[in-house]
Amino acid sequence: MRISLNPEQQAAVEHGDGPLLVLAGAGSGKTRVLTARIARLLETGVRPHRILAVTFTNKAAEVMRHRIAGLVGHEPAGLWAGTFHSVCARLLRLEADRTDRTRSFTIYDESDSERAVKRAMEEVDVDPRRWAAAALRARISDAKNTLVGPDDYAVTAFDPLSRVTAEVYPAYERTLASCNAYDFDDLLVRAVRLLEGDPLVCEKYGGRFAYILVDEYQDTNQAQYRLVRALAKVHGNLCVVGDDDQSIYGWRGADIRNILDFERDFPGTTVVRLEQNYRSTGSILEVANAIIARNRSRVEKRLRTDRPDGRRVVVSALRDERAEAVWTIRRIESLRDSYTLGDVGILYRTNSQSRAYEDALRGARLPYRVVGGIRFYERREVKDLLAYLRLVVNPADDTAFLRAVGWPRRGVGAVSLERLAAARSRAAPGTAAGGSLLAAAERADQVEGLSGAAAKALKRFAAGMESLRSLLPEASAVDVAEECLRAFGLRSALEAEEDGEDRLDIVDELIAGMVSFSGEPLEEEAATEGGGLELFLQHVSLLSDVDEYDPEEGVVSLMTLHNAKGMEFPVVFVGGVEEGLLPLGRSAETAEGVEEERRLFYVGLTRAMDRLLVTHVARRWRAGSSMPCAPSSFLEDLPEHAVERRMSGTTVGRPGRRGSSSFRSSPRATWATGAGWSGGLDATADGGDFGWRYDPSMGRIDSSAAGADTEPVYDYSESQEPFELTVGGRIVHPRFGHGTVVTLSGDGMGAKARIDFDGGGVKTLLVAHAGLRPAPG
DNA sequence: GATCGGTATTTTTTT
DNA sequence: AATACCGATC
């Protein structure tokens, strides 16, 4: 095995039996250690199927397999490597006989799950107008992540929302069971229940996995902890790798105590600390260290690097997000002598920030790829087709039935479906498969109150499904999908749509994905029916955005800070480092919240190998209005000698037009300036600076150096500049045309304008979203 | 009773 | 900016 390791890494790789905790700082080569350790186990004669490796993404598992193959010379066939969720799904599939679901279960994503919650709410008569299904779903998810079942939950539910949740929770569980479905959280919960509650299963898998390795352990939640504990009970050879400074999923139930308490939970633990960083330059590391050192609840450590200091970390102040994006793209272009586009990563806190960068990248004709955002498998057309396929595989899946039956339009509306559901629950109260909506649709002619047309359409739909299902034993997944597109007229329905061509392309992409999906070649699952369709469906349900990411593509990468975890780029831009955005909004209210945001910033900084450029802006469009933005408080902690502060010296655009409103006259709508800010934070009338006052103690403004930052020039004519709305003022609305403002009320997001349109009609519009512009002239 | 169009509401991060 | 929900129309 040829792989060079430092002494600490060596110790982790060669550690024999017993629990092992590897505290691996950013860029300290933990992936290297994990793969080397597995390779070494294999070389010492451990059979691959006795090893379980849990990674944070499917991609990471894939990469790991590949590298192990490179080290030991062959594919580690039989090795279990995957995310917690996919490992649990496999377990539940293999042991389906010991559960109340079949192996063809459906995995519900968040939106499926929310629909199911809504139906559960109806069942127990909870007012959907008073309680948001999304909030209840989130509560239930929290409960599941801490392994709190419906009964336990009810006992501790005191506040109103909890009380309602306690009512809906059990109904939701019944709904999932009758649909033969699990939600994301169930995969963990049910696997834990199986392992802890069924001695045979515990023995089987506990005995099987002689070695268990878990990556990114700092982001495990209670359920995942219990899963690991149950599996490691027999052999005790558990190796976890993580870094408490990179724990960024607290909001999703991750419990940082899992890693902090590991030694206590697993007595006899050997601890290995990896503090040598091989990724970043001295300056980058110094900045990152200074940031994270401000956190109070952490294990004290300090990463070192042997790399030279390199270039200083650039912190640049820009006017707004367009200027930020243009500046960033300029910088990328100037770096192209030394780096390729694939070397560049642009990171940000929220997905919506990608837009400005995308516009600028398109304008500069630079190829790029956004990781995340609107997920491929959450696109409407994809979900629609998948709903049909899910229903073929799992006839009990009512969520899929409702989705599929609703599109394309077939003359079956809400009322008919309600009647169908009523008939179903009378026929087979509380039972599983037999009581599915699809089964009811087959007998639609016997359903009372259903119109002839609706009954006919439902029967037709059910018959179509049946004939599709009859293909299953022989046909491949792709054949079934193609036949589905044809038989139900999905393809022609898409063609008829406005942007149907794009949507068809997407569907074809999905089909292409099916072709290349080989499933997991595990002998245990070799005998799968349906040409692997059910495996494919379960597989895609668990794919994440990052799994689609291809580092070889050679284009600029854009992604959220969360998605950037585990990645590295020679050149990293972190955008939007402003108070309210990073740290983000409400999370800044608690100390723990701020610390998690700071860790997130730290994760972003430590992705950089050679060059790190941080930007913040003075104004940003957020949720429909332009908000003044102060630099993030995190930027106060930078070691100035490792930093180069930049500020653009001159203004751009057309000075005559800009700043034409003072925001001081009355009456006015206050939305344009954002609530709560005034004076120094407002855009000033005479261009020249950014409104907020620059504190010289925060850094030097080197005007000669600033010249190197060529000022971005862009045209504001198309952008929605804030303007003053006054009673009696003339405006243009994108759809209704010209009009006169009659009254103004409310402020901030709630600001409303009553407008008398020339074309006739008086309308009250929400200013923030109406897209009003001043009438020219 | 289905469908269409307008209005209200909403944006944190994700398996 | 996009989606969900609601009321009006066909």
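Every chain is numbered from 1 and lettered A, B, ... according to where its sequence line falls, protein lines coming before strand lines. Side chains are part of it too, since the values below use all heavy atoms of this structure and drop only hydrogens, waters and symmetry mates.
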Q | Contact under 4.0 Å: A:N351 side-chain N or O vs B:dT13 OP1/OP2 | A | yes

Q: Would you indicate what A:K565 reaches in the nucleic acid, counting non-hydrogen atoms under 4.0 angstrom: base, sugar-phosphate, or nothing?
A: nothing

Q.
Output the rounded distance in Å from NZ (A:K144) to C1' (B:dT15).
A. 14 Å

Q.
Using heavy-atom distances to pick each residue's nearest nucleotide on DNA chain B, tell me which of A:L584 and A:T83 is more 5'.
A. A:L584

(Q) Restricting to salt bridge (Lys or Arg N to Asp or Glu O under 4.0 Å), what partner residues turn up for A:R355, sequence neighbours left out? (A) none

Q: Taking only the side-chain heavy atoms of A:Y249 (C-beta and beyond), determine which of B:dT13, B:dT14, B:dT15 contains the nearest atom.
A: B:dT14

Q.
For a quick check of understanding: with a heavy-atom distance under 4.0 Å over all strands, which category does A:T57 fall into, base, sugar-phosphate or nothing?
A. nothing

Q: Could you pull out all residues at least two apart from A:D215 that satisfy side chain to side chain contact (heavy atoms under 4.5 Å, CB included)?
A: A:K30, A:L34, A:V241

**Q.** Residue pair A:R119 / A:T399, side-chain donor-acceptor N/O under 3.5 Å
**A.** yes

Q | N/O (side chain, A:K118) to phosphate O (OP1/OP2, C:dC5) under 4.0 Å | A | yes

Q) Using the benzene-type ring in the case of Trp, are the ring centres of A:F573 and A:Y348 under 6.0 Å apart? A) no

Q | Atom-to-atom span, NE2 of A:H562 to P of B:dT13 - whole angstrom | A | 9 Å

Q.
Of the listed nucleotides (B:dT13, C:dA1, C:dC5), which one gets closest to any side-chain atom of A:R355?
A. C:dA1

Q: Identify whether any heavy atom of A:S352 sits under 4.0 Å from a base atom; if not, whether one sits that close to sugar-phosphate; answer base, sugar-phosphate or nothing.
A: nothing

Q | Euclidean distance, atom CG of residue A:N563 to atom P of B:dT15 [Å, nearest integer] | A | 6 Å

Q | A:R349 side-chain proximity, nearest of B:dA2, B:dT14, B:dT12 | A | B:dT12

Q) What is the nucleic acid contact for A:D185, judged by heavy atoms within less than 4.0 Å: base, sugar-phosphate only, or nothing? A) nothing

Q: Ignoring backbone atoms, establish whether A:T560 has a side-chain N or O less than 4.0 Å from OP1 or OP2 of B:dT14.
A: yes

(Q) Just to be sure I understand the rule, does A:D109 reach a base, reach only the sugar-phosphate, or reach nothing, if contact means heavy atoms closer than 4.0 Å? (A) nothing

Q. For the residue pair A:F56 and A:Y249, is the inter-centroid distance of their aromatic rings smaller than 6.0 Å?
A. yes

Q: Between A:R410 and A:L600, name the one whose nearest nucleotide on DNA chain B is closer to the 5' end.
A: A:R410

Write out a two-atom table: protein N or O, nucleotide N or O from nucleotides 6-10 of chain C, distance below 3.5 Å.
| from | atom 1 | to | atom 2 | distance (Å) |
| --- | --- | --- | --- | --- |
| C:dC6 | OP1 | A:R129 | NH1 | 2.9 |

Q. For the pair made of CD in A:E597 and P in B:dT12, what is the distance, rounded to whole Å?
A. 12 Å

